[in-house]
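For reference, the structure discussed in these notes is given below.
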Amino acid sequence: MCAAPCREPTNGARHVPRAAGNPPSPSHAPPPLLYLARPMSAHSSSASNQSSTAQRPTSAAEIRKAFIDFFVSKAGHTFAPSSAVVPHDDPTLLFTNAGMNQFKDVFLGRGKRDYTRAVNTQKCIRAGGKHNDLEDVGKDTYHHTFFEMLGNWSFGDYFKQESIRWGFELLTKVYGLDPNRLYATWFEGNPAAGLEPDLEAKALWESLLPKDHVLPGNMKDNFWEMGETGPCGPCTEIHYDRIGGGRNAAKMVNSGDPDVLEIWNHVFIQFNREPDRSLKPLPAKHVDTGMGLERLVSVIQDKRSNYDTDLWAPVFEAIRARTGARPYGGKLDDHIDIAYRVIADHIRCLTMALTDGASPSNEGRGYVLRRILRRAVRHGHQTLGVRGPFLKDLVPAVVASLGGAFPELAPAAKRVAQLIEEEEVQFGKTLERGLALFSDAAARVKSAGGRTIAAEDAFRLHDTWGFPIDLTQVMAEEAGLTVDVAGYEALMEAAREKSRAAGGSETGMHFPPDAIAKLEELNVKPTDDHGKFAGKPTAATLMAIWNGKNFDEHVEADSSSLLAFIFDKTPMYAEMGGQIADHGTFRTDRAHGHGGDIERASGGNAVYEIEDVQRAGQYVLHIGRLKHGRMSCGEAGQLMLARDRRDAIRANHSATHALNLALRAVAGDEVEQKGSLVDDEKLRFDYAAKAALTLAQIAEVEKRVNAAIDTNLAIDAREVPLAKAREISGVRAVFGERYPDPVRVVSIGATVAELVAKPDSPKWHELSIEFCGGTHLTSMGEAKRFVLVSEGGLAAGVRRVFALTGARALAAQFAAEGLMSRVADAAKLDGEALVTEITDMTKMAESLELGAVARAEFERALEPVREKAKAARKQAEGAARDAAVVQARGIVEEHAKKPAGTPLVAMINGADAAALLAAIDAARAKFADTPILFLSPDFDASKVAIAATCPKSAIDKGLKAGDWVKAAAQACGGAGGGRPDTAQAGGKDPSKTREALDAAEAFAKSKG
RNA sequence: GGGGCGUUAGCUCAAUUGGGAGAGCGAUGCCUUUGCAAGGCAUAGGUUACCGGUUCGACCCCGGUACGCUCCA
């Protein structure tokens, strides 16, 4: 049994061609390898005997398969398919960024699997958040936004020895890598952090590799942490020297040399990082390894760059075919090659993410995707000279290269391409607007004789129009300008700081994994929550009291501190599956049990109010405050949930199921649930659909759900083995969700027994049958009424509806009826009353909860009433204007008798500012060279409107309209102003109209 | 989650310090033309997203709501 010598001397002799220009190969083959692999431990030797004789994997697909096969056959690892790259059940995570994500709950001690060893290739995206490789993509040969992570795991099963030995065996015997080119690092310890060196890993590696290939590493490189808090531990990294040739590359390990690269990391999880930064040993030790497939393939295929492997070739070819660019040349500093790498990487990432249910948007992960798409589009347009949407045409190439490993790609390809195209078109529009803005800024700079685009402009282009700084720079360059980049960076930093400073704080109860372990130590049994569906008052015993840091034996009333109580059993529902938690109380009554206690003096009864219920592993935490008395562990009492709240939640949850079915019937079979939220006030349902619901469709959906309520369909829920449940025709499961086995089936209109008895009956397609662990009504009639209150877009291709049931739905219906009759009555009103009634009803409609259909009907009914008010207003305005003009004509006639050029000052009745201006126009038509000032008192509104115009001749003499009206306005308690040629003003005291007229006359004379 | 920006005629967008809401395209009508393309003249089309506030006066300033874009976490 030998490792390297069995192979032909490929890796050493056939040298890697340099990416940019081929340097001469080394002139010699490496010396024969002297190293002899030590015998594997008995534990690990048997399963892989055939692998040394089997065909060595070379293509990416074979390499991927070999990894999985090795661990499955080697030691009973279970193949756990890649979880979605969009983590549906972990809001703390933007994208799945490591293989261990789907096992996070296991490491945290909150979840269990029915296996202790797992293997897979995980779809990962690193862009945004803690791991952000986006900016590096394209510039080098090994950063990717999307990549596959091969991994194997032990959950409290094997540890360092097996992990390292199997890893070595896989690399050297299955993949045939030269052990003389492998290096391993081990954790050197950190006295400051109280961490011992990992001498076990060191010794293991020294038994496999030459001693000078086994290197110590520090906290940064060899101690892995999941996040600020959480599971962590020392790790050992395996590095590979691409050059080889007998050299010792130890110094290049972890030094950034692209030829000596980390290929596999084995993490030994044995601690938990607490919020106070201290480390606590975990109850069970785990292994978590990760090896980047793309890198491994480049090593095995003996390519210098990840992009030179068969994983990328089809995508590059698609880019070339679509854009007409010259073929990919593999050079690092060539713009066209950079564009190839960026586009290829990004389209892979987008295709995977969109397939798994994400979509570009303006926040969160959708925003990251938008940025990725735009970056790819820019490289395509600027460098490769494409016009119009083109990324969408690359989707099939990604499907072709990865569809084999990820079967979900092909069915989604069409939808994904469409989403990408829409987003490309949208970006085109944004670009156009930004371009116009840039032209403005550039023109300003040039006309001012400058050569530098101001930092403010560059920042605004970026911040408001999404123009990346490098794009602004390129465009400035083309216009012969530069950009104040330093100033721009400063503004960006200031904006970031502002955004950070305003960040909010989180509240809630921290319940770390070792608290769960402690509960087990204390012999507290898992909470029996079988009663949660019935929700009946339950006699329960208080088993543990968690105060946020420790477990207490007793606790005194204190409304300010939040506690978590664990009972032996509970009727309460913990927040899960989009249904919020129950509220309730736990009461003890000591007075009956023990006579003469101190507690008796203080009333005896103790009350714990439960504000939230959460699951932690097998335990149910009842989070709340002790309002009265004192409580101790072991004490018995009564657990009671808030019944009204529970009933409202049940109604909303059952209605959500009925809604799901109705939507499918009305909007098409492709309607797919994307999420839902059920609480005591409303229900919210997100689903994938191409188009918005029309009003008629909303009405139809309501009709169908209400029909289910009116016929009082019975609801049944029962646990069924998962495989059997999946056979039921018409059953719907949520995308990306993991279901337990057995799974609970909730059916409306047929019993679960009937479904299981005849799973393939086509009848079931017309019923709501869902996998669901929530609380439901026993029959639909209890929901009383269903009203869909709003429908809107959440992201491209995703719609969100809100709906009400029960009393709230009836109230919405009642309010709508009231509003409609008011509209009918309003048609009879006119004048001021009509206007205020319209405003009032509009405000009412805004503040009330109304059905979407009712709201639209109200708007439609109100429309003609609005028209009427509008017409009346226009007519009144016109009449006022006409009246003012008529008066003005009379005044003009009178004034014509005076000497030409005499300023005209006069009063007009019943004119507002606009009418006065019309009057002035009429007068000016007659006397083009005469200063004119009109005013009009309005005793009802306690106002005096004033307007004036001055010809140029008067202005030259110092009679400016602005000053003139001011003089008049001051005489009647007002103010005003305007330009020299026309001005308006107003006074507040109509009784002083005479004084105002006199003041105006006097002012004109003083300038005359 | 927190910022920034925007919302004006059917469309694309203007509107100087708060002082009389405009342009181009489109629409409609008429004229010119054998017809088409086009041209000429004229007309209609606005609660300046919505609700409040400040002011003599608000598209403009302030606050709130809705929707959209965008940046940062």
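Below, chains carry the letters A, B, ... as their sequence lines are ordered, and counting in each starts from 1.
Considering all non-hydrogen atoms of both residues, A:Thr993 and A:Pro937 come closest at OG1-CB, 3.5 Å. Pairing each heavy atom of A:Leu354 with each of A:Ile420, the nearest pair is CD1-CG1, 3.5 Å.
Atom C1' of nucleotide B:C69 and atom CG of A:Leu461 are separated by 14 Å, given to the nearest angstrom. Regarding A:Glu489, its CD atom lies at a distance of 14 Å from the C1' atom of B:C71, rounded to whole Å. Separating the NE2 atom of A:His462 from the C1' atom of B:G3 is a distance of 12 Å, rounded to the nearest angstrom. When rounded to the nearest whole Å, the span between CZ of A:Phe459 and C1' of B:C5 equals 11 Å. B:C5 atom P lies 15 Å from atom CG of A:Asp457, rounded to whole Å. Following rounding to the nearest Å, A:Ile920 (CD1) and B:G19 (P) show an atom-to-atom distance of 17 Å. One can place CG of A:Leu491 at 19 Å from P of B:G3, the figure rounded to the nearest angstrom. One can place NZ of A:Lys966 at 14 Å from P of B:G18, the figure rounded to the nearest angstrom.
Comparing the P positions of B:A49 and B:C13 gives an interatomic distance of 15 Å, to the nearest angstrom. Going from the C1' atom of B:G46 to that of B:G40 covers 28 Å, rounded to whole Å. Atom name P, nucleotides B:U48 and B:C11: the rounded distance is 16 Å, in whole Å. One P atom belongs to B:C31, the other to B:U17, and the distance between them is 47 Å to the nearest Å. Taking atom P in both B:G6 and B:G18, the straight-line distance is 15 Å, to the nearest Å. Taking atom P in both B:C5 and B:C61, one finds a spacing of 11 Å when rounded to whole Å. The separation of B:G45 from B:G24, taken at their C1' atoms, amounts to 15 Å, rounded to a whole angstrom. To the nearest whole angstrom, the two P atoms, one in B:G26 and one in B:G64, are 42 Å apart.
Annotation: side chain to side chain donor-acceptor pair (under 3.5 Å) contacts of A:Arg684 (sequence neighbours excluded): none. Qualifying side chain to side chain donor-acceptor pair (under 3.5 Å) partners for A:Glu611, counting only residues two or more places apart in sequence or in other chains: A:Arg625. Every residue meeting the side chain to side chain contact (heavy atoms under 4.5 Å, CB included) condition with A:Cys124, not counting sequence neighbours, appears here in chain and number order: A:Gln122, A:Phe147, A:Met149. Residues passing the side chain to side chain contact (heavy atoms under 4.5 Å, CB included) test with A:Glu681 are A:Asp679, A:Arg808, sequence neighbours excluded. For A:Asp912, the side chain to side chain contact (heavy atoms under 4.5 Å, CB included) partners at least two apart in sequence or on another chain are A:Ala914, A:Ala915. Looking at residues two or more places apart in sequence or on another chain, you find no side chain to side chain donor-acceptor pair (under 3.5 Å) involving A:Ser936.
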Q. Could you walk me through whether A:Met820 and A:Phe858 pass the side chain to side chain contact (heavy atoms under 4.5 Å, CB included) check?
A. CA-CA 6 Å; A:Met820 286 306 282; A:Phe858 165 72; 4.1 Å; yes
Q: Any chance you could lay out the side chain to side chain contact (heavy atoms under 4.5 Å, CB included) test for A:Ile453 and A:Tyr488, step after step, and finish with the verdict?
A: CA-CA 10 Å; A:Ile453 301 268; A:Tyr488 162 85; over 6 Å; no
Q: Start with the C-alpha distance between A:Thr472 and A:His462, add both sets of side-chain angles, then the distance that settles side chain to side chain contact (heavy atoms under 4.5 Å, CB included), and finish with yes or no.
A: CA-CA 9 Å; A:Thr472 306; A:His462 171 77; over 6 Å; no
(Q) If you apply the rule side chain to side chain contact (heavy atoms under 4.5 Å, CB included), what do you find for A:Arg822 with A:Glu837, and how did you get there? (A) CA-CA 9 Å; A:Arg822 268 186 78 177; A:Glu837 178 66 1; 3.0 Å; yes
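Atom CG in A:Asp356 sits 8.0 Å away from atom CD1 in A:Ile125 (nearest 0.5 Å).
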Going by atom type alone, with no hydrogens or angles, which donor-acceptor pairs under 3.5 Å involve a side-chain atom of residues 982-989 of chain A and a protein atom two or more places apart or on another chain?
unit_1: A:Asp989; atom_1: OD1; unit_2: A:Ser991; atom_2: N; d: 3.2
unit_1: A:Asp989; atom_1: OD1; unit_2: A:Ser991; atom_2: OG; d: 2.6

Return all side-chain donor-acceptor pairs below 3.5 angstrom for residues 952-968 of chain A, not counting sequence neighbours, or 'none' if the list is empty.
unit_1: A:Ser953; atom_1: OG; unit_2: A:Asp929; atom_2: OD1; d: 2.9
unit_1: A:Trp964; atom_1: NE1; unit_2: A:Ala1000; atom_2: O; d: 3.0

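Between A:Arg371 and B:C72, a side-chain N or O to OP1/OP2 separation shorter than 4.0 Å is present. The side chain of A:Tyr367 places no N or O atom within less than 4.0 Å of a non-bridging phosphate oxygen (OP1 or OP2) of B:U70.
Contact annotation for A:Arg924: base contact, defined as any heavy-atom pair under 4.0 Å involving a base atom.
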Q | Per-nucleotide protein contact string for nucleotides 11-17 of chain B, where B marks a base within reach and S marks sugar-phosphate only (heavy atoms under 4.0 Å, - for neither) | A | -------
Pairs under 3.5 angstrom, nitrogen or oxygen only, protein versus nucleotides 48-50 of chain B, please.
unit_1: B:C50; atom_1: O2'; unit_2: A:Glu846; atom_2: OE2; d: 3.4

Table of protein N/O atoms under 3.5 Å from nucleotides 54-57 of chain B N/O atoms:
unit_1: B:C56; atom_1: OP2; unit_2: A:Lys988; atom_2: NZ; d: 3.0
unit_1: B:C56; atom_1: O4'; unit_2: A:Gly986; atom_2: O; d: 3.2
unit_1: B:C56; atom_1: N1; unit_2: A:Ala975; atom_2: O; d: 2.8
unit_1: B:C56; atom_1: O2; unit_2: A:Gly986; atom_2: N; d: 3.1
unit_1: B:C56; atom_1: N3; unit_2: A:Ala975; atom_2: O; d: 3.1

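Nearer to the 5' terminus of RNA chain B, by closest-nucleotide assignment, is the contact made by A:Leu917 (compared with the other of A:Leu917 and A:Arg370).
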**Q.** Paired and unpaired positions of RNA chain B as dot-bracket, Watson-Crick or G-U wobble under 3.5 Å, | denoting a partner strand
**A.** (((((((..((((.....[..)))).(((((.......))))).....(((((..]....)))))))))))).
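Nearest to the side chain of A:Asp463, among B:C72, B:G4, B:U70, sits B:G4.
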